[in-house]
Number of protein chains: 2
Amino acid sequence: MAILEGTLPPGTPLSRRRLAEELGMSSVPVADAIARLEGEGLVESKARAGTRVKIATADEIRGNYVLREALETHSARLFAECADARQRERLMRTAERLDRAYNALGRSKEYSQARHAKVERIHIEFHMQIARATKVPLFADAIERSRVLLFNWIFTVARDFEKFPERWHRDLAEALAKGSAEEAAAAMRCHVRFRQADVIERFQHLARRQEQDSRMVRGPRRRVEN
Amino acid sequence: MAILEGTLPPGTPLSRRRLAEELGMSSVPVADAIARLEGEGLVESKARAGTRVKIATADEIRGNYVLREALETHSARLFAECADARQRERLMRTAERLDRAYNALGRSKEYSQARHAKVERIHIEFHMQIARATKVPLFADAIERSRVLLFNWIFTVARDFEKFPERWHRDLAEALAKGSAEEAAAAMRCHVRFRQADVIERFQHLARRQEQDSRMVRGPRRRVEN
DNA sequence: TCTTGGAAACTGGCACGTCAGTTATCGGAT
DNA sequence: ATCCGATAACTGACGTGCCAGTTTCCAAGA
């Protein structure tokens with residue numbers, strides 16, 4: 001069910017029976033899959049009232065970055081300590097490819113979520129290369145889980161282009177591939193925090209704009225949620 | 001289904017139908033619960049061949065500690081930065097209680113898993129107090145997941161008493177409650193690594209002894225696992 | 001004694017149907 | 001036009017039953 005990775009916007013309802021019909025199977029395996037997605041936090045369901053793709057709050061996004069700061073920083077430390085030459089070189093190449101992709105995205109005329117998702121997938125691959133080099137599957141899995149979560153949330157706030165330093169990941173990869181463990185960890189910490197600040201700022205901007213919109217359209221339109 | 005937290009030794013088979021009968025329900029909700037446990041890594045199942053409580057390998061235990069070093073170190077950093085006075089004081093009290101419990105365990109005449117589990121529960125509570133103080137649920141959840149995993153594995157290797165420094169957690173709590181963020185992180189890193197070394201040494205000792213045993217009993221008794 | 005093979009018992013996967021609770025819709029009252 | 005409430009459609013939870021693999025175990029052969 002990787003269909004859900006970015007193609008379904010948050011809030012989309014997922015009906016067990018409807019999906020079962022589309023996929024040509026009974027509703028039981030669909031329910032299992034949905035339950036798994038719920039366990040990973042990608043989806044939330046109220047009993048007997050439907051399941052929808054999770055809508056993240058600002059706090060949850062912030063929390064995701066706190067978690068990631070812990071995981072990725074340590075991952076970088078381990079990479080600097082124990083990656084072999086081939087992995088280091090490969091990381092540098094991926095970093096260059098990623099920076100090129102981001103720069104191309106920033107230069108393109110109009111925002112396309114499909115294109116953005118493609119670049120974000122490279123971004124995940126970049127960090128997973130680091131994580132996998134630690135040779136600790138449990139650890140790499142934890143990083144992947146939290147990355148997938150954010151992958152699904154980020155398109156809520158990324159309505160316009162991503163504009164980042166031109167050689168952002170290249171510099172990070174260099175710190176990981178050539179620096180000490182502490183330098184690598186510090187570089188990664190800086191990387192995660194930069195991104196966190198950027199995303200949260202976008203989120204708050206979005207929230208302000210939405211509040212403005214709803215106030216302009218109507219008076220008592222605010223619904224009680226949950 | 002918290003029944004599984006320590007009372008069922010690794011390798012115990014979990015039959016959907018048998019559990020359903022015991023609990024007086026149909027097999028469907030039981031299957032759901034087991035699927036959830038599998039998602040958390042507490043249980044592993046081969047299709048149409050049964051589900052059993054997961055038997056951890058040395059690598060997985062080591063991996064668990066790598067993950068924990070990342071999470072707990074950051075958790076300690078955040079605690080030192082943003083816990084309030086009440087939380088700091090409470091942590092000191094829990095640390096004292098935990099050290100007392102460990103010392104009592106070390107003095108008792110014979111090993112009792114039930115008693116040990118009780119102490120380990122306090123140990124989890126200690127670390128969860130730190131994690132909860134960060135006010136990042138996603139982060140605290142990640143720590144809890146990895147702690148619960150190890151909670152289930154540790155009794156495999158802990159066949160004798162736990163002997164630790166007498167004021168071990170008290171000193172750690174002091175570093176967290178009164179030190180800087182960096183001091184707190186360093187103290188926690190030291191704490192996790194000490195425990196990791198201890199557990200892995202026990203695990204290898206156990207593996208050596210089991211290999212010896214199986215060699216003494218019979219020749220071609222080694223089963224092909226997978 | 002050790003191997004082997006085959007059948008019975010058991011396993012999880014899944015289909016189908018029912019049930020109780022939630023939500024959305026639409027017609028009637030204001 | 002707005003509000004409201006009854007009802008119908010829909011939702012996930014779960015019971016029952018079958019199926020195709022896997023494991024286990026015991027008897028027959030070496």
Side-chain angles (χ1 to χ4, degrees), chain A residues 1-4 7-57 152 214-226, chain B residues 1-4 7-57 149 152 213-226:
Chain A
M1 308 289 165
I3 311 168
L4 181 138
T7 62
L8 296 180
T12 308
L14 292 180
S15 162
R16 208 173 56 166
R17 270 172 263 261
R18 196 175 311 278
L19 279 176
E21 197 178 357
E22 284 177 19
L23 299 175
M25 48 191 358
S26 129
S27 71
V28 176
V30 176
D32 285 358
I34 288 180
R36 189 140 29 101
L37 291 178
E38 191 177 4
E40 290 177 18
L42 282 165
V43 128
E44 58 189 349
S45 69
K46 281 187 288 182
R48 291 175 183 104
T51 303
R52 12 193 96 235
V53 179
K54 178 153 175 79
I55 301 176
T57 66
N152 236 44
S214 73
R215 220 178 325 195
M216 284 179 75
V217 173
R218 204 153 294 266
R221 238 296 178 79
R222 272 163 285 176
R223 279 283 191 83
V224 180
E225 306 204 17
N226 74 355
Chain B
M1 308 294 162
I3 309 168
L4 180 137
T7 63
L8 296 180
T12 307
L14 292 181
S15 161
R16 201 176 60 167
R17 272 172 259 263
R18 197 174 309 279
L19 280 176
E21 198 177 359
E22 283 177 18
L23 299 174
M25 46 189 359
S26 128
S27 72
V28 176
V30 176
D32 285 358
I34 289 181
R36 188 139 30 100
L37 292 177
E38 191 177 4
E40 290 177 18
L42 282 164
V43 129
E44 58 188 349
S45 69
K46 280 187 288 183
R48 291 175 183 105
T51 304
R52 13 193 95 236
V53 179
K54 177 152 175 80
I55 300 176
T57 67
L149 263 187
N152 238 44
D213 286 0
S214 72
R215 219 178 325 194
M216 285 179 75
V217 174
R218 204 153 295 266
R221 241 292 180 78
R222 271 164 286 174
R223 278 284 189 83
V224 180
E225 305 205 13
N226 64 352

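These figures come from a predicted structure and were not determined experimentally. Order of the sequence lines fixes the chain letters, A, B, ..., with proteins taken first and strands second; residue numbering starts at 1 for each chain.
Residue A:K54 comes nearest to A:P10 through the heavy atom pair O-CB, 3.4 Å, listed as atom of the first residue, atom of the second, then distance.
A:R18 comes within 4.0 angstrom of sugar-phosphate atoms only, judged by non-hydrogen atoms across all strands, and of no base.
When atom types are taken as modelled, the side chain of A:R52 and the backbone of A:P13 share no donor-acceptor pair closer than 3.5 angstrom.
Following rounding to the nearest Å, B:L14 (CG) and C:dC10 (P) show an atom-to-atom distance of 17 Å. Whole-Å rounding puts the B:E21 CD to D:dG15 C1' distance at 15 Å. Between the CD1 atom of A:I34 and the P atom of D:dG12 there is a distance of 6 Å, given to the nearest Å. To the nearest angstrom, P of D:dC14 lies 7 Å from CG of B:D32. To the nearest angstrom, P of D:dG15 lies 6 Å from CE of B:M25. If you take CG of B:L19 and P of D:dG15, they are 14 Å apart, rounded to a whole angstrom.
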For this session: Determine, stepwise, if the pair B:V53 / B:L37 fulfils side-chain contact (heavy atoms from CB on, under 4.5 Å).
Result: CA-CA 9 Å; B:V53 179; B:L37 292 177; over 6 Å; no
Exercise. Given A:V30 and A:M25, is the side-chain contact (heavy atoms from CB on, under 4.5 Å) satisfied, shown in steps?
Worked result: CA-CA 8 Å; A:V30 176; A:M25 48 191 358; 4.0 Å; yes
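Proximity note for B:R17 (side chain, C-beta onward) versus C:dT18, C:dG12, D:dT22: the nearest is C:dG12. Ranking C:dT23, D:dT22, D:dG15 by closeness to the A:K46 side chain, first place goes to C:dT23.
Taking for each of B:R48 and A:S26 the nucleotide of DNA chain C with the nearest heavy atom, the 5'-most of the two is the partner of B:R48. Along DNA chain C, the nucleotide nearest to A:R16 and the one nearest to B:S15 differ in position, and the one closer to the 5' end is contacted by B:S15.
Applying the 4.0 Å criterion to OP1 and OP2 of D:dG12, one finds that A:T51 has a side-chain N or O inside that range.
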